[in-house]
Amino acid sequence: MMKHEPLLTSFREAGQGHVFAYFDELSPDAQQTLLAQAAEVDLAEIGRLTRTLLAKDAVAGVNVEGLQPAPYESRPEQGGDVAQWAEAKAVGEAALRAGRVAAFTVAGGQGTRLGYDGPKGTFPVTPLKRKPLFQIFAEKILAAGKRYGRPLHWFIMTSHQNHAATEAFLAEHDYFGLERARVHCFRQGRMPAVGFDGKILLETKGTIALSPDGHGGSLRALARSGALDLMEREGIDTLSYFQVDNPLVRCIDPAFVGWHLRRGSEMSSKMVPKAYPEEKVGHFCVQHGRLVVIEYSDLPMALQRETDARGNLRYPAGSIALHVIDREFVRRMASGGEGVALPFHRADKKIATIDATGTPVKPEKANGVKFEMFVFDALPFAKNPVVIETLRANDFSPVKNAEGADSPKTCRDDQLRQFARWLKANGADVAVDATGLPAATIEVSPLFGYDEDSFADAWARLEPKPAVAEGLYLG
Ligand code: UTP
């Protein structure tokens with residue numbers, strides 16, 4: 001039985017005694033659950049966030065003073081230095097052959113917009129075989145391990161909500177061919193939601209309204225879970241970070257890893273030129289000599305639309321949430337030492353809670369605040385950060401919404417276009433429309449080819465070459 005008096009006292013002293021208002025009514029088991037949840041809460045942190053983010057005079061938004069566009073390495077096709085790109089790729093390949101790189105998926109989000117029942121990674125996305133997102137990543141990681149002769153470790157950050165289901169799904173599918181000992185799921189942290197008065201909200205009489213602490217929580221979670229120590233033991237110093245909702249991603253990209261390592265960067269990023277001025281992406285900028293990502297909601301529209309003398313956008317660099325991160329940088333950020341902690345952001349939300357009589361209520365409008373950290377807020381702390389350009393068609397087509405933009409439909413079409421491009425680049429006859437969408441439903445397994453290079457090699461070896469017809473699967 002957990003001793004509860006000290007915990008109750010600290011909550012009372014922090015003005016959060018109401019969390020235990022129904023404690024005496026709870027069963028012993030329920031009491032234990034509440035105590036365990038309460039022990040997770042950092043009261044000093046909540047107090048600080050209430051004073052800074054909830055105070056009436058809290059400054060909303062971001063200070064854009066001194067903002068400049070961030071420099072980035074253009075792709076060779078866009079005038080980038082061909083020799084430097086080739087060298088970067090060679091350095092990245094050497095790192096992969098030396099086993100220095102691991103894959104890292106953040107999969108702790110709630111996926112509310114998609115509205116799918118289950119961990120998002122279990123959502124089926126491929127055009128023909130309906131492979132789930134986790135399978136695509138697993139197969140890309142497996143194939144890259146084979147290509148470079150060193151099997152890769154895969155770290156997956158889950159949430160309390162989806163951890164068990166994620167582990168069960170991966171186990172049920174035998175880790176999609178990966179070695180079980182190289183797949184590591186760990187939970188991210190949680191933060192309590194608070195009312196606009198800073199009081200911690202209860203979800204029920206015996207549970208606190210807790211939610212994941214944002215993808216930025218991944219840095220703390222990597223340290224806390226022992227993932228960093230495992231990496232160190234295994235000689236891994238570089239993490240390839242990507243999100244769970246993006247099957248197009250080159251999750252193991254030697255050129256990206258190489259640019260990062262050559263520059264001695266602690267955290268590197270990929271950018272895509274914004275599709276149109278108002279596109280809702282974060283913007284890579286430099287402020288007072290540091291690389292920052294400014295969210296579209298924080299960058300004044302005039303700056304989003306600003307053009308240079310040649311009519312090009314002055315802030316073209318959109319963030320697509322792809323990073324290469326140095327292990328010891330994560331450790332430093334996670335240690336939360338003086339001045340290195342990630343900031344929290346406030347999001348006003350409808351939070352299921354209880355009313356004054358203890359009855360559960362689902363509010364009609366925002367009734368409180370969730371606190372989240374964003375991983376890109378680590379960039380200003382990173383030494384020598386590099387931003388490289390990538391082609392959206394090769395790296396980014398997320399499944400965010402059930403319909404419309406960034407939906408299963410747009411993602412399926414983008415996968416089809418990618419498969420068609422690979423085939424056409426290698427001389428196959430593929431009928432496509434003006435947008436590059438093939439007439440036939442085709443699918444390339446990552447085990448066959450997971451990027452242009454691996455596809456080209458596999459296609460060259462394939463005899464006889466199949467005709468591109470409805471239902472072609474290259475596996
Ligand atoms: P999103 O910002 O798309 O959020 O996450 P979401 O929670 O998945 O979806 P919505 O907004 O509720 O519809 C981007 C990536 O960051 C991960 C997600 O799993 C996704 O890969 N993420 C987000 C976490 O791992 N933890 C979090 O707390 C939030």
Side-chain angles (χ1 to χ4, degrees), residues 40 103-123 125 132-134 136-138 154-163 165-167 169-170 184-193 209-222 224-225 227 239-249 251 269-270 280-282 293 295-298 318-323 325 330 334 342-352 366 369-378 395-408 410-411:
E40 241 179 78
F104 179 32
T105 311
V106 284
Q110 292 173 303
T112 21
R113 283 170 289 171
L114 183 61
Y116 168 68
D117 191 20
K120 217 183 202 182
T122 67
F123 185 74
V125 278
L133 286 153
F134 279 138
I136 301 168
F137 305 136
W154 184 20
F155 295 94
I156 303 171
M157 184 174 81
T158 61
S159 65
H160 282 69
Q161 225 172 352
N162 70 22
H163 183 80
T166 300
E167 287 212 310
F169 181 80
L170 292 170
H184 316 279
C185 295
F186 59 88
R187 285 189 192 91
Q188 71 177 102
R190 297 192 281 191
M191 287 292 283
L210 289 165
S211 55
D213 58 2
H215 42 66
S218 59
L219 303 184
R220 290 178 177 186
L222 279 164
R224 197 180 42 231
S225 66
L239 271 177
S240 178
Y241 170 106
F242 56 96
Q243 301 192 332
V244 75
D245 51 22
N246 177 22
L248 230 58
V249 68
C251 49
S269 313
K270 278 187 180 171
K280 292 184 171 172
V281 287
V293 170
E295 288 201 275
Y296 64 90
S297 45
D298 288 325
S319 173
I320 51 170
L322 290 177
H323 303 284
I325 315 178
V330 177
L342 288 188
F344 277 92
H345 295 253
R346 140 184 197 171
D348 297 7
K349 300 261 178 179
K350 293 184 237 172
I351 297 152
V369 171
K370 288 186 179 179
F371 298 114
E372 282 193 59
M373 289 177 279
F374 299 154
V375 77
F376 54 72
D377 280 330
D395 252 323
F396 191 61
S397 185
V399 178
K400 297 275 187 203
N401 306 304
E403 277 168 25
D406 296 340
S407 64
T410 56
C411 181

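Every number for a ligand or one of its atoms is a count from 1 in the order of the listing. Because the structure is predicted, anything quoted here is derived from the model rather than measured. Side chains included, hydrogens not; waters and symmetry mates left out as well; all remaining heavy atoms used.
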> Of D406, D245, T112, which is the lone residue that meets side chain to side chain donor-acceptor pair (under 3.5 Å) with K400?
Replying inline: D245
>> With nothing but distance in play, are any N or O atoms of E372 less than 3.5 Å from an N or O of ligand 1?
In response: no
> When the ring planes of F169 and F134 are compared, do they come out parallel, tilted or perpendicular, using 30° and 60° as the limits?
Replying inline: tilted
> Considering only the protein, which heavy-atom contact is closest to atom 26 (N) of ligand 1, and what is its distance?
Replying inline: Q188 OE1, 2.6 Å
>> L114 versus ligand 1: do any nitrogen or oxygen atoms come within less than 3.5 Å of each other?
In response: no
>> I need the nearest protein heavy-atom contact for atom 16 (O) of ligand 1: residue, atom name and distance, please.
In response: H215 CD2, 3.5 Å
> How about F371 and H345: are their ring centres within less than 6.0 Å of each other?
Replying inline: no
> Hey, which atoms in ligand 1 end up nearer than 4.0 Å to a heavy atom of K400?
Replying inline: 1 (P), 3 (O), 14 (C)
> For atom 17 (C) of ligand 1, which of V106, D213, V375, T112 has the closest heavy atom?
Replying inline: V106
>> As an exercise, identify every atom of ligand 1 less than 4.0 angstrom from a heavy atom of M157.
In response: 25 (O)
> If you measure from CG on L248 to SG on C411, what distance do you get to the nearest 0.5 Å?
Replying inline: 6.5 Å
> Of G109, G111, G108, which has the heavy atom at the shortest distance from atom 9 (O) of ligand 1?
Replying inline: G111
>> If you take the nearest heavy atom of each of Q110, K370, R113, which one is closest to atom 1 (P) of ligand 1?
In response: R113
>> Please confirm whether G217 approaches ligand 1 to less than 4.0 Å, judged on its heavy atoms.
In response: no
>> Return the CE to NE2 distance between M373 and H215, rounded to the nearest 0.5 Å.
In response: 11.0 Å
> Quick one: does S269's side chain have a donor or acceptor within less than 3.5 Å of a partner on H323's backbone?
Replying inline: no
> Hey, which of F137, F242, Y241, F155 is the one that makes ring-ring contact (aromatic ring centres under 6.0 Å, His included) with F104?
Replying inline: Y241
